[in-house]
Amino acid sequence: MKITGAEIFLESLKREGVKTLFALPGGVVLKIFDVLHQQKDINVILTRHEQGAGHMAEGYAKATGKAGVALVTSGPGMTNVITALTDAYMDSVPLVCFSGQVTTALIGNDAFQEADNVGLSRPCTKYNFLVKDVNDLAVTIKEAFYIATTGRPGPVLVDIPKDVSMNKADFKYPGSVSIRGYNPTYEGNKWQIKQAAEAIAKARKPVLYVGGGVIFSGATEELIELAELTQIPVDMTLMALGGFPGDHPLSMGMMGMHGTYWANMAVHYSDLVIAVGARFDDRVTGKVSEFCPYAKVIHIDIDPTSIRKNVHVDIPIVGDCKRVLQELIRVLKASANGDLTSLRKPWMDQIAEWKRAHPLAYEQDPQGAIKPQHLIQRLYDLTKDRDPIVSTDVGQHQMWTAQFFKLAKPRRWLTSGGLGTMGFGFPAALGAQAAFPDKLVLCVAGDGSVQMNAQELATAVVHKLPVKVFVINNRFHGMVRQWQDLFYEGRYASSFLDVYPDFVKLAEAYGAVGLRPSKVSDIDDTIREALAVNQPVVVDVPVDQYENCYPMIPAGGCNHEMILADPPELKKKQTADARVATQDGDTVLTA
Amino acid sequence: MEHIISVLVENKFGALSRVAGLFSGRGFNIESLSVAPTIDPSVSLMTVVTSGDDRIIEQIVKQLNKLIDVIKVVDLNDSEFVARETALIKVQTRAEDRAEALRITDIFRGNVIDSTATTYTIEVTGDAKKIDAILNLLQPLGIKELARTGRVAIAREPIRPVVAQPKRVART
């Protein structure tokens, strides 16, 4: 029996196990929405902006490990979702995005709401398809999910013209696909793994440098086993947080531009760096020519292009992190390696000393302005027993959350790393909440970034997604202001946000709950109050406006040359030269 | 250093722009690019002439391999190869130059494939140096138009040592 393209779309998604679809309709996809409206297997979440739909699908994918799915219309629907696709491409998030397209006969005619969707998305997707014939639709969807979720995951776009969704064809969903130009390598080269094991046994100052690949391949167990077996301390990238327990004695926390002092010192002075599912991003390496100058480098990654892209690698191993680590552990166990704990003791002592010298610290005056770090520390203390999922936007609050929220498990951390997309956090949290309705989902946002997708408050309320949003409100684009403090002599060009919405009223306007602690002693009660409500909550936290995020490696600087606190001359700029207009009496701004 | 990279790709729309987009998006050089279907009509062969140091060439090969429409990538510089390019050259010929034009064509084993009262169109095939050389000689006559194919290349078969014929054994 022949069914329409729209019905084939629905049946194919069901075969792929899709439960939730983040979508926003438009003219050319109405047939598909009409079919979706008459079924109950897939929960359609109507977003208020296509970018929101894309980030929600990303949040869903990061939290579940399955492909996130979004559906948008042609033209502006497509251009709006581009940011989310690019974000997913940078952070290797499995995503299948369906876009509507004008009728095949009109393609190329500059028709109403027409855009070259495959052309637009080519540089920001792992692969993309334009379906020209309804008979190809099912197999294309199968291939899209296969490509998105295998190898190094990534976003795939399927562009469906209006007539393809309306034409009829026989439906037969393929059981498997094979693409001759796409054969990811999963098993690592045995000889290389043996070389790696020998290097590990010999190293005196080794460091594990782990990235998001550990989470995508589900290698947490193997990573813990390897670290404990070989007594190697673990540096995590921003993307890897939760991939190794943050409270584990071998965890050094986050490395990189705002990483911990000891994590960066350790990688700089190590004699062996074992990179697992990481790509030597410039925010991690700092000045790349002086990254880990004394170390031999082992690099395990499923993407061959990541290896030797930025740094020289001595032992490259292409493969799936989980399988390579399993084999590596097997080889290490089979060989007699002596007492590694005593071999590594001087190194562990050195790291402990670095940690003692410059711990992550802040000073909270009980009578003074709320320090953002204190809010995040309290949020961590009060929620860690509930194993929350935490999302962030991009900026100072993101780095503070990465530093102070010690995630214990993988797939609890939703953040935009590679692209650094402000506006990512809130919709991503909604996507995760849609996947896990009973879990506690927190979103730590900045007052600047949360406004970039604040319209999704409506989605949260309508679909009953009780995300708890904490707006770290310093009335600045804080990270921009911090760079202006440090590198532009405190001239705050376009970083002061001046008029801002009252976030409590904004939440209430959408039918959500708004809360605001006014002093340090209110924080715990406000957090408890937010957690007690089974509704979306926005907590507006006015914080110390001039708090800067440290340690910091200036862009292009070396990893062992960190700025650890505001330089003394900087304080002067803040008090004497800051020129920002006061808007109302209760906000204290230095002039 | 210049490298010639042979790329087998799926013969479908978008494949060429994926390869071209990769080069422009990542800032790699393309000196020439030629594409045509192979004996298997579902597959096309691209010959890309590019340049860069070893690290860049390694990235180019890896990035090409990563493209889903790409089936096989061979850096021809890893072995012996032969490369050829064809040029069609339209030369302005006054009566007194026509013999000279023919002579030059002859020296380079070219052919005149079209002729008018005032022009010859010359076809010549060879390596890039040979094409440059004939252009150099024809320049004084006046080149009206030039179309070059860009290089195509193919690996040479490894030369096997000649094995001595086994001695014939007398039949019994």
Side-chain angles (χ1 to χ4, degrees), chain A residues 86 89-90 92 104 107-108 116-133 136 140 143-144 146-148 150-152 154-159 177-185 279-280 288-289 299 301-313 316 318, chain B residues 1 3 5-30 33 35-48 50 52-75 77-78:
Chain A
T86 313
Y89 194 43
M90 287 288 262
S92 313
T104 43
I107 290 177
D116 174 7
N117 292 356
V118 286
L120 282 166
S121 60
R122 191 170 296 130
C124 61
T125 51
K126 187 174 172 185
Y127 200 68
N128 59 17
F129 299 90
L130 167 64
V131 185
K132 284 180 162 171
D133 182 341
D136 300 337
T140 305
E143 287 186 348
Y146 172 65
I147 292 171
T150 52
R152 178 178 175 176
V156 175
L157 179 94
V158 182
D159 196 25
V177 282
S178 124
I179 300 166
R180 59 181 163 181
Y182 178 66
N183 302 293
T185 308
R279 61 186 179 89
F280 294 83
V288 74
S289 58
H299 192 177
D301 204 291
I302 197 158
D303 179 2
T305 65
S306 288
I307 294 174
R308 291 211 186 104
K309 186 172 68 179
N310 298 337
V311 299
H312 176 75
V313 174
V318 176
Chain B
M1 193 189 149
H3 281 246
I5 297 172
S6 208
V7 191
L8 276 181
V9 299
E10 296 284 351
N11 185 10
K12 53 184 178 190
F13 73 90
L16 173 62
S17 69
R18 284 177 211 277
V19 171
L22 169 70
F23 276 76
S24 65
R26 293 190 180 267
F28 301 141
N29 292 316
I30 290 191
L33 177 97
V35 200
T38 60
I39 295 173
D40 174 356
S42 73
V43 178
S44 286
L45 180 73
M46 284 188 189
T47 310
V48 186
T50 182
D53 58 27
D54 289 351
R55 199 179 61 86
I56 290 173
I57 299 295
E58 181 180 336
Q59 266 300 307
I60 290 175
V61 171
K62 283 176 168 177
Q63 293 284 356
L64 282 168
N65 263 314
K66 190 174 166 181
L67 292 179
I68 285 161
D69 285 341
V70 168
I71 301 161
K72 191 181 174 190
V73 182
V74 179
D75 180 358
N77 290 50
D78 289 344

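Letters go in sequence order (proteins before strands), and every chain restarts at 1. In this text, all values refer to a predicted model and were calculated from it rather than measured experimentally.
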Exercise. How many angstroms lie between atom CD1 of A/Ile179 and atom CD1 of B/Ile68, to the nearest 0.5 angstrom?
Worked result: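 It is 6.5 Å, given to the nearest 0.5 Å.
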
Exercise. Rounded to the nearest 0.5 Å, how far does CG of B/Leu67 lie from OH of A/Tyr182?
Worked result: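 Reported value, rounded in 0.5 Å steps: 12.5 Å.
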
Exercise. Under 4.5 Å, heavy atom to heavy atom, which residues of residues 54-65 of chain B contact chain A?
Worked result: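 So the qualifying residues are B/Arg55, B/Glu58, B/Gln59, B/Lys62, B/Gln63, B/Asn65.
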
For this session: Go through the atoms of A/Asn183 and report whether side chain, backbone, both or neither lie under 4.5 Å from a heavy atom of chain B.
Result: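 Contact with chain B involves no heavy atom of A/Asn183 at all.
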
Problem set entry | A/Ile307, part contacting chain B, at a heavy-atom distance under 4.5 Å |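 Both backbone and side chain of A/Ile307 come within 4.5 Å of chain B.
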
Exercise. How would you list all residue pairs meeting salt bridge (charged side-chain N to carboxylate O under 4.0 Å, His left out) that involve residues 116-127 of chain A, not counting sequence neighbours?
Worked result: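 As it turns out, there is no salt bridge (charged side-chain N to carboxylate O under 4.0 Å, His left out) pair with a partner in residues 116-127 of chain A once direct neighbours are skipped.
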
For this session: Provide the full list of salt bridge (charged side-chain N to carboxylate O under 4.0 Å, His left out) pairs with a residue in residues 10-20 of chain B, sequence neighbours left out, each pair given once.
Result: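 Residue pairs with at least one partner in residues 10-20 of chain B: A/Arg180-B/Glu10, B/Lys12-B/Asp69, B/Arg18-B/Asp69.
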
For this session: Please identify each residue that fulfils salt bridge (charged side-chain N to carboxylate O under 4.0 Å, His left out) with B/Asp75, with sequence neighbours left out.
Result: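 So B/Asp75 forms no salt bridge (charged side-chain N to carboxylate O under 4.0 Å, His left out) with any residue.
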
For this session: Could you tell me which portion of B/Ser42 (side chain, backbone, both or neither) has an atom closer than 4.5 angstrom to a non-hydrogen atom of chain A?
Result: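 For B/Ser42, backbone and side chain are both near chain A.
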
